[in-house]
Amino acid sequence: MPCSSITSTTSTGDNSNKKNGSSLREFKLNESSFLASLMPKNEIGVDRFLDAHPEYDGRGALIAIFDSGVDPAADGLQVTSDGKPKILDVIDCTGSGDIDTSKVVKADADGCISGASGASLVINKSWKNPSGEWHVGYKLVYELFTEDLISRLKKERKKKWDEKNQEEIARAVKQVADFDQQHIKVEDAKLKRTREDLQNRLDILRKQSESYDDKGPVVDAVVWHDGEVWRVALDTQNLEDDPNCGKLANFIPLTNYRIERKYGVFSKLDACTFVANVYNDGNVLSIVTDCSPHATHVAGIATAFHPKEPLLNGVAPGAQIISCKIGDSRLGSMETGTGLIRALIAAVEHKCDLINMSYGEATLLPDYGRFVDLVNEAVNKHRLVFVSSAGNSGPGLSTVGAPGGTSSSIIGVGAYVSPAMAAGAHCVVEPPSEGLEYTWSSRGPTADGDLGVSVSAPGGAVAPVPTWTLQRRMLMNGTSMASPSACGGTALVISAMKAEGIPVSPYSVRKALENTSVAIGDLPEDKLSTGQGLMQVDKAFEYIQKCQNMPSVWYQIKIHQCGKTYPSLRGIYLREASACQQSTEWTVKVNPKFHEDAGNFEELVPFEECIELHSTEETVVKAPNYVLLTHNGRSFNVVVDPSNLSDGLHYFEVYGIDCKAPWRGPLFRIPITITKPKAVTNKPPQISFSKMLFQPGHIERRYIEVPHGASWAEVTMKTSGFDTARKFFVDAVQLCPLHRPLKWESVVTFPSPAAKSFTFKVVSGQTLELVIAQFWSSGIGSHETASVDFEVVFHGIKVNQEEVILDGSEAPVRIDAETLLASEELSPVAILNKIRVPYRPIDSKISALSTDRDKLPSGKQILALTLTYKVKLEDGAQIKPHIPLLNDRIYDTKFESQFYMISDLNKRIYSSGDVYPSSSTLPKGEYNLHLYLRHDNVQILEKMRHLVLFIERNLEEKDVIRLSFFSQPDGPLTGKGSFKSSSLVPGVKEGLYLGAPPKEKLPKNSQPGSVLVGAISYGKLSLTDQGENKNPEKHPASYRISFVVPPNKIDEDKGKDSSLSSKKNVSERLKEEVRDAKIKVLTSLKQETNEECLEWKELSTQLKSEYPKYTPLLAKILEGLVSKSNVKDKIHHDEEVIDAANEVIETIDRDELAKFLALKNDPEDEEAENIRKKMELTRDQLTEALYQKGLALAEIESLKLADLTWCILSKDGDKSPPLASTEGEKEDGGSHGDAFEENFKELKKWVDVKSTKYGILLVTREKRAQRLGTALKVLLDIIQDDADAAKKKFYELKLSLLDDIGWTHLATYEREWMLVRFPPNLPLF
């Protein structure tokens, strides 16, 4: 996720803090220093550097911005300081803007084509298209916009829509009033129905206003090849109020951005810029928009150029950029594996010098994963300098995120705020006396001991943002802003190196940045927050000038504790109490790493350095004095003795200095971090920290050895001694192997002195870091120092199994509980509130992706595996997909990418996601889940063809199962010995039994093998209300519980013959079997071609002659006629349907059927029950025949009326004879109309004509009578009551009714929804 925040916290009030006797009120900004503070550069020496080297302002440097997508129209991002184009390419690496344009159409004689949305589009005659082939596609424009922009547009569009709807409501109200005035007393049935129709129209309009849900307009896209390049044009009429605006023919065609560097804007209302790129020979169009202002802001910090206001320039105004969008619009702005890999491909392809990535996530394995492997290749082979944000999860230690703070090849940047930034950009009343790290900036070390943060840079700025925000720039702060500041500074250095002919190496650049940084803070452990300090551009370049003849080497550090071969570490991190009680010895291997193109004889063989080793504290860390280092590396041992250290945080280093050139500074550093915890000796186990004093930005860290047996902590924080409100960050962090940091955090604001309590989970025996920090700008305007008292009380109930699995049998699970610390109340609570159903794919397909954006720099082609899962929901539910193998890991995984989409049978997308699946509410129905996996190794993909996926469904509150506890093993069966609670005392175990859920409480339709999951807790909290004690999920020390759904019970009636033995002889039964087999063959025949239709007709005629009165046969013949597609003569076809329906009707004795259905049968009388089923089937065949006959009668009437209308409107005199014949047919239509009414009345006797199955005939009837309001109301009721997937024919009928009524605003709204409900194809991944 992006490592920034758009909102910044400011503080107000007076402040008279003093340093060295001078009041901070003396710090004053003038206009120029204020503007300079909005885009901080002086802090990192940019001003000094550019004063000395004005032409080294980034010229010649190319930066790839891995982010949410840069707006090429944003202020300051058009040209460089030397007049070159600022942005060389804009790419959507995620695929979120991809449009399927594989459909190819030809223009008609009038120059019109049919767009993918169904719209008729006029081609501009001046457009060159030698092939005459036009690729078409469409996109719902909201899929390209951010949530903020969509929200703004929805308000604007709703306002205009409401105006039109109110006009129609006013018109409808007037029509009702006029009718009532003309007809004071209405008794005539026809008039009543007319009055009802008018009222229905009014009701529909009012209801539509309440249910309005804007899914956004559709944009049609057209792609063609003009003989030289691919061209793109969009039809955006649906976005415009003026029907003459946005037409396809008026669009100025675009091509891939890198060719002509042109962009478009959808409309004036949205003011959203977009870029077009065409891939895969015109079959894929990528529309690139940003998914947040983040990237544009980042690019502005690094490179913005404002010739009229140079103080607002970015750090490197002469640098150029390419925008690589890694934030997926479908996921808000979350990065995806696909986006990351494609971005790296683009950066290498464009021969970029730098990459800035202000994104990141927590990780369980540092410096690991496929993306990290490819980054290593980009840095080591292609010499890219990779700069990234460290993260915003501070102030706790070991909170740096991946990839920026955890990867060796990446420069991780922390966020710094200077007094000028505080006064200007943040508008605080009084700035701090000196610069400091932002409170939230992530800290090192990594889990494997690396420092984590390399350098720091200003972490806030007022920088350019996209045009759709309707402002030029805004304030954001975060390590997201620190990273481009550092990247821009590095671009200045690279600009200078290129200008002076110094070879660019990420190794030498990084060494220069780190060895010339200015320390922030006076303590050694401040490096864990700030890295080597605040980078200084001018000093870094001086360093590089001096070192330009030195070999470009990265000194890789690998550390093992003596006696162990695993794990391999990058630093020494002694965190747990056992590691801090005695000396330990470590083997350090230093491997000089050269770039891949280094020559053996020129660079590797001659490499030899005499290294003098230094320890920052020899009483704690001992190392050899000297090491001779060659290309093959050298090992040496280090001894660390923390036994005499005081409790708390300590930081040391062993670093190596070149004996021949000590001015180079440390060539490598071995970070040693020791957090010596304080033991808890009190009984009951509690520890207090009193009178901790806080000023703005102050941080207090306490390290506690969590007592064995503790599972949660209850904390009380008391504040005093201050006047204005205080804001504190309170973090508790523990590290466990192969886990992300176990972190509890809270941001607490105290308006006045008070006490607050918290509870959080702890891991027994592991060191707990407790961090209390006053927010850097909180209390700045106050005279008072805040005093904080902190009390931590540990609690715990130890059980023999924390995660409980009920295997599906009736047997209870025994749980042994004890407390090791102090008396606790054992009050177990367990619930099952979710069900996970396993699925295997029904289809799998491996395909090679296109070479234009999915081919790795190594030349390997990326492949894709698409898995399809079928999911059926018996009821609407909130579901979430789970892929245990892949979920929750984006950087710390060797797999490249995953993405899923859930669609219904109409291809409507309901949900999509990737490594962090989200819950979505789905109505009852059948769904397809398509899972898309990418990798270049086909063997890995082959192994995943049968990947198991779980669908997790939340149970409704009424279905949540609360499990029972017993004191006896037979309790679940006897119902005796219920266990509620008891008091545990240290040293005494107590046993209890957890019963399985009663079978009758299992969710309906639970499939065997499904898993019910929930939570279980054992202890009672003392600092919370009783409600939280009843819900184990709210207990800090809750554990997972699961129940495997067992096989269903065997149906006792299964296997019994459900019907009486046939009384018919063998010959009769044989004839029936032959007859039924023939009918089965008939139903299996297709009718797609003329030959197939002829075969079907011949067979149906033959079977009719053999079985002329057999109703099931005649019903199947009717069904075959109705299902026939591509009918040319519709009237003739409808007449055939009517004849077939009449044949079905004539074979049924309706009087006998009615009498039988009126009788009540004994359900236990099997013979009577079989007869009842047969008669119900006959009734269904009758009603279906009546229904299809009615539809056919109505269609014949409609078609003849249309022919008549066409003839009347025709101006050709030769059309007169057809007109006469049509009028004659109109008279016949009258007989059809009577037949329709008679047929409808007959159907009404047998079924509810308002039902989903037959209601369309009622709609048709009302439409024939021109009661369109009533017809629409009936149709809307049918749609609402239909529990199955949406039926396209219903909505097409709805659309035609809206057109007939003349409600254009509703018709437009419904057409937009049609493409949501019934898209022609699934979207691209």
Side-chain angles (χ1 to χ4, degrees), residues 328 330-332 334 336-338 361-364 738-740 803-806 808 831-844 865-903 909-922 926-934 940-941 943-956 959-961 1002-1003 1005-1016 1032-1033 1038-1045 1325:
D328 196 303
R330 296 166 292 189
L331 308 176
M334 182 71 193
T336 63
T338 299
E361 298 286 321
T363 180
L364 58 88
L738 296 180
H739 278 277
R740 291 182 176 183
E803 184 172 330
V804 178
I805 299 176
L806 296 161
I831 61 170
L832 298 170
N833 57 359
K834 299 179 181 70
I835 183 169
R836 288 184 175 178
V837 183
Y839 292 88
R840 283 198 186 273
I842 62 167
D843 185 49
S844 64
L865 169 64
T866 305
L867 302 175
T868 303
Y869 302 81
K870 275 204 173 298
V871 178
K872 186 175 182 179
L873 297 180
E874 299 294 340
D875 296 295
Q878 188 180 65
I879 69 163
K880 179 196 291 186
H882 274 276
I883 311 162
L885 178 67
L886 302 174
N887 285 164
D888 301 327
R889 293 185 295 143
I890 186 167
Y891 294 104
D892 45 356
T893 175
K894 291 293 184 177
F895 299 108
E896 177 178 310
S897 175
Q898 56 185 291
F899 200 90
Y900 70 84
M901 292 189 292
I902 301 175
S903 61
I909 300 297
Y910 278 84
S911 177
S912 58
D914 67 334
V915 294
Y916 301 111
S918 57
S919 295
S920 53
T921 301
L922 272 58
E926 295 184 18
Y927 297 88
N928 290 322
L929 187 149
H930 298 279
L931 178 62
Y932 179 76
L933 307 171
R934 292 164 45 107
I940 289 178
L941 295 179
K943 290 178 181 179
M944 302 173 76
R945 276 189 181 272
H946 305 288
L947 186 69
V948 173
L949 172 145
F950 286 89
I951 295 293
E952 181 181 278
R953 175 166 59 90
N954 293 336
L955 299 181
E956 294 183 23
D959 296 326
V960 172
I961 302 171
L1002 296 182
N1005 305 312
S1006 299
Q1007 301 175 21
S1010 300
V1011 183
L1012 288 165
V1013 295
I1016 183 170
E1033 290 186 322
S1038 65
Y1039 307 96
R1040 177 174 162 173
I1041 182 171
S1042 54
F1043 171 79
V1044 181
V1045 177
F1325 282 100

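Counting heavy atoms from C-beta on, the side chains of I883 and P917 never come closer than 4.5 Å. Between L364 and R740 there is a side-chain heavy-atom pair separated by less than 4.5 Å. Under the 4.5 Å side-chain criterion, counting only non-hydrogen atoms from C-beta, D328 is not in contact with D914. Proximity of I879 to R953: side-chain heavy atoms (C-beta onward) are separated by under 4.5 Å at one or more points. Counting only heavy atoms from C-beta outward, the side chains of L331 and Y916 never approach each other to under 4.5 Å. A 4.5 Å side-chain heavy-atom check between Y869 and I902 finds every atom pair outside the cut-off. Here the side chains of Q898 and V915 are in contact, with some heavy-atom distance below 4.5 Å.
Between the side chain of R836 and the backbone N or O of F950 there is no donor-acceptor pair closer than 3.5 Å. The closest donor-acceptor contact from the side chain of E361 to the backbone of I890 lies at 3.5 Å or more, if one exists at all.
Rounded to the nearest 0.5 Å, atoms CD1 (I961) and CZ (F1043) are 8.0 Å apart. Rounding to the nearest 0.5 Å gives a distance of 9.5 Å between OG1 of T336 and CD of E896. L886 contributes atom CG, which lies 4.5 Å from atom CE of M944 (distance to the nearest 0.5 angstrom). Expressed to the nearest 0.5 Å, how far OG of S911 lies from NZ of K880 amounts to 10.5 Å. The line from CG of L832 to CG of L955 is 8.0 Å long, rounded to the nearest 0.5 Å. Between D843 atom CG and T866 atom OG1 the span is 9.0 Å, to the nearest 0.5 Å.
Judged by the 6.0 Å distance and 45° axis criteria, R934 is not positioned over the aromatic ring of F1325.
Considering only residues two or more places apart in sequence or on other chains, R889 meets the side-chain hydrogen bond (donor to acceptor under 3.5 Å, both in side chains) condition with none of them. For the side-chain hydrogen bond (donor to acceptor under 3.5 Å, both in side chains) test, no residue two or more places apart in sequence or in another chain qualifies with S912. With sequence neighbours left out, the side-chain hydrogen bond (donor to acceptor under 3.5 Å, both in side chains) criterion links S897 to T338. Remark: D959 engages no residue in a side-chain hydrogen bond (donor to acceptor under 3.5 Å, both in side chains) (not counting sequence neighbours). Listed by chain and number, the residues in a side chain to side chain contact (heavy atoms under 4.5 Å, CB included) with R945 are S844, I846, L865, E942 (sequence neighbours excluded).
Of all heavy-atom pairs spanning A1015 and S1038, the tightest one is CB-CB, 4.5 Å. Of all the heavy atoms in S1042 and V1013, the pair that sits closest is CB-CG1, 4.0 Å.
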Under the side chain to side chain contact (heavy atoms under 4.5 Å, CB included) rule, what do V1045 and V837 come out as? Steps first, then yes or no, please. CA-CA 10 Å; V1045 177; V837 183; over 6 Å; no
Could you go through residues 926-933 and list every donor-acceptor pair under 3.5 Å that involves a side-chain atom there, pairing it with any protein atom two or more places apart or in another chain?
residue: Y927; atom: OH; partner: P923; partner atom: O; Å: 2.5
residue: N928; atom: OD1; partner: K870; partner atom: NZ; Å: 3.0
residue: H930; atom: ND1; partner: T868; partner atom: OG1; Å: 3.2

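Heavy-atom neighbours of K894 NZ from other residues, nucleotides or ligands within 6.0 Å: above the threshold of 12.
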